[in-house]
Amino acid sequence: QVQLVESGGGLVQDGGSLRLSCAASGRTVSMNGMAWFRQPPGKERVFVAGINWTGRNTYYVNSVKGRFTISRDNAKNTVSLQMNTLKAEDTAVYFCAVARGSDFSTEAEYYTDWGQGTQVSVSS
């Protein structure tokens with residue numbers, strides 16, 4: 001079993017930036033796809049961005065394309081999400097997740113391990 005710990009959340013003004021990090025421990029996740037999901041207040045958890053095990057393939061939900069960048073460092077067992085030009089609608093708890101395979105999916109059921117989440121709040 002792998003433990004995931006997210007960090008880097010906080011309160012930022014509209015148009016600002018944050019960088020989220022997710023550190024995995026317990027086993028290596030270098031062969032697994034990974035993703036970031038988010039859960040806005042009162043809404044369901046949704047996919048934001050995914051990255052395959054090599055880091056060469058990434059995918060973003062339309063609402064964050066061009067503003068968010070997912071990356072990974074397999075040597076450090078970490079995945080990150082750089083978020084620029086933040087908007088009020090980006091406010092949510094952000095979760096990182098480990099996929100059951102080497103690729104990623106937009107479906108939460110494809111992921112076997114989840115972090116506890118980190119709050120991102122964007123003030124307008």
Side-chain angles (χ1 to χ4, degrees):
Q1 187 175 359
V2 61
Q3 292 76 46
L4 302 173
V5 178
E6 300 97 336
S7 61
L11 175 64
V12 64
Q13 289 188 334
D14 187 86
S17 298
L18 283 174
R19 184 177 181 85
L20 305 184
S21 294
C22 174
S25 61
R27 68 167 178 85
T28 179
V29 295
S30 63
M31 301 298 288
N32 296 87
M34 297 192 71
W36 287 93
F37 284 72
R38 67 186 179 187
Q39 186 167 15
K43 297 184 179 180
E44 294 185 350
R45 190 177 304 187
V46 295
F47 174 88
V48 175
I51 188 167
N52 77 328
W53 73 282
T54 65
R56 295 193 188 102
N57 292 332
T58 59
Y59 181 79
Y60 302 88
V61 67
N62 283 341
S63 60
V64 307
K65 281 182 181 177
R67 301 189 297 122
F68 290 12
T69 303
I70 188 172
S71 60
R72 66 188 301 159
D73 186 333
N74 285 339
K76 295 182 179 179
N77 227 24
T78 61
V79 64
S80 298
L81 186 68
Q82 177 67 43
M83 306 187 295
N84 298 328
T85 320
L86 283 161
K87 305 175 182 180
E89 50 264 42
D90 295 317
T91 294
V93 178
Y94 284 71
F95 301 87
C96 68
V98 178
R100 63 179 71 253
S102 60
D103 210 332
F104 55 85
S105 169
T106 60
E107 300 298 324
E109 291 74 17
Y110 188 67
Y111 297 86
T112 57
D113 300 276
W114 296 81
Q116 82 290 347
T118 185
Q119 177 70 49
V120 171
S121 299
V122 184
S123 62
S124 57

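What's counted below: heavy atoms across the whole structure, side chains too, no hydrogens, waters or symmetry copies. All figures in this text were calculated on a predicted structure; none of them were measured in a lab.
- Looking at Thr118, its side chain does come within 3.5 Å of a backbone N or O of Gly9 through a donor-acceptor pair.
- Linking Ile, Leu, Val, Met, Phe, Trp and Tyr whenever their side-chain heavy atoms come within less than 4.5 Å puts Ile70 and Tyr94 in one cluster.
- The shortest distance between side-chain heavy atoms of Ser102 and Met31 does not fall below 4.5 Å.
- When every heavy atom of Tyr60 is checked against every heavy atom of Thr69, the shortest pair comes out as OH-CA, 3.3 Å.
- Side-chain atoms of Glu6 and Leu20, non-hydrogen and from C-beta on, never get closer than 4.5 Å to each other.
- Side-chain contact check for Arg27 and Asn32: at least one donor-acceptor pair (N or O, by modelled atom type) lies under 3.5 Å.
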- Task: Could you give me the CA-CA distance, side-chain angles and deciding distance for Ser21 and Thr78, then say whether side-chain contact (heavy atoms from CB on, under 4.5 Å) is met?
- Result: CA-CA 7 Å; Ser21 294; Thr78 61; 6.0 Å; no
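- Here the closest non-hydrogen pair linking Asn74 and Trp53 is ND2-O, 3.0 Å.
- Annotation: side chain of Val120 is not in contact with side chain of Thr91 (no heavy-atom distance under 4.5 Å).
- At least one side-chain heavy atom of Met34 sits under 4.5 Å from a side-chain heavy atom of Val29.
- Test Asp90, Asn84, Thr85 against Arg67 for side-chain hydrogen bond (donor to acceptor under 3.5 Å, both in side chains) and you get one pass: Asp90.
- In this structure, CG on Leu81 lies 8.5 Å from CZ on Arg19, to the nearest 0.5 angstrom.
- Around the CD atom of Glu89, the shell of radius 6.0 Å holds more than 12 heavy atoms that belong to other residues, nucleotides or ligands.
- Remark: Phe37 engages Phe47, Tyr111, Trp114 in a ring pair (Phe, Tyr, Trp, His ring centres under 6.0 Å) (not counting sequence neighbours).
- Remark: Arg100 pairs with no residue by the side-chain hydrogen bond (donor to acceptor under 3.5 Å, both in side chains) rule, at least two apart or across chains.
- When atom types are taken as modelled, the side chain of Gln119 and the backbone of Gly10 share no donor-acceptor pair closer than 3.5 angstrom.
- For Lys65, the NZ atom sits in a packed shell: over 12 heavy atoms of surrounding residues, nucleotides or ligands are nearer than 6.0 Å.
- Cluster annotation: Ile51 is connected to Val61 through the hydrophobic network of ILVMFWY side chains, with a link wherever side-chain heavy atoms come within less than 4.5 Å.
- Closest approach of Val64 and Val48 over heavy atoms only: CG2-O, 3.9 Å.
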- Report the C-alpha distance between Ser30 and Lys76 in whole Å, list the side-chain angles of each, state the deciding distance to 0.1 Å, and finish with yes or no for side-chain contact (heavy atoms from CB on, under 4.5 Å). CA-CA 9 Å; Ser30 63; Lys76 295 182 179 179; over 6 Å; no
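- A donor and an acceptor atom, one from each side chain of Ser80 and Gln82, are nowhere located under 3.5 Å apart.
- Smallest separation of non-hydrogen atoms from Lys87 and Asp14: CA-OD1, 3.5 Å.
- Distance alone, capped at 3.5 Å, places no donor-acceptor pair between the Gln39 side chain and the Glu44 backbone.
- Val2 approaches Ala24 most closely through the heavy-atom pair CG2-CB, 3.8 Å.
- Placement of Phe95 and Phe68 in two distinct hydrophobic clusters is found when ILVMFWY residues are connected by side-chain heavy-atom separations under 4.5 Å, directly or transitively.
- One finds the CG atom of Leu18 at 9.5 Å from the OG atom of Ser121 (value rounded to the nearest 0.5 Å).
- Looking at every heavy atom in both residues, Arg72 comes nearest to Asn52 through NH1-O, 2.9 Å.
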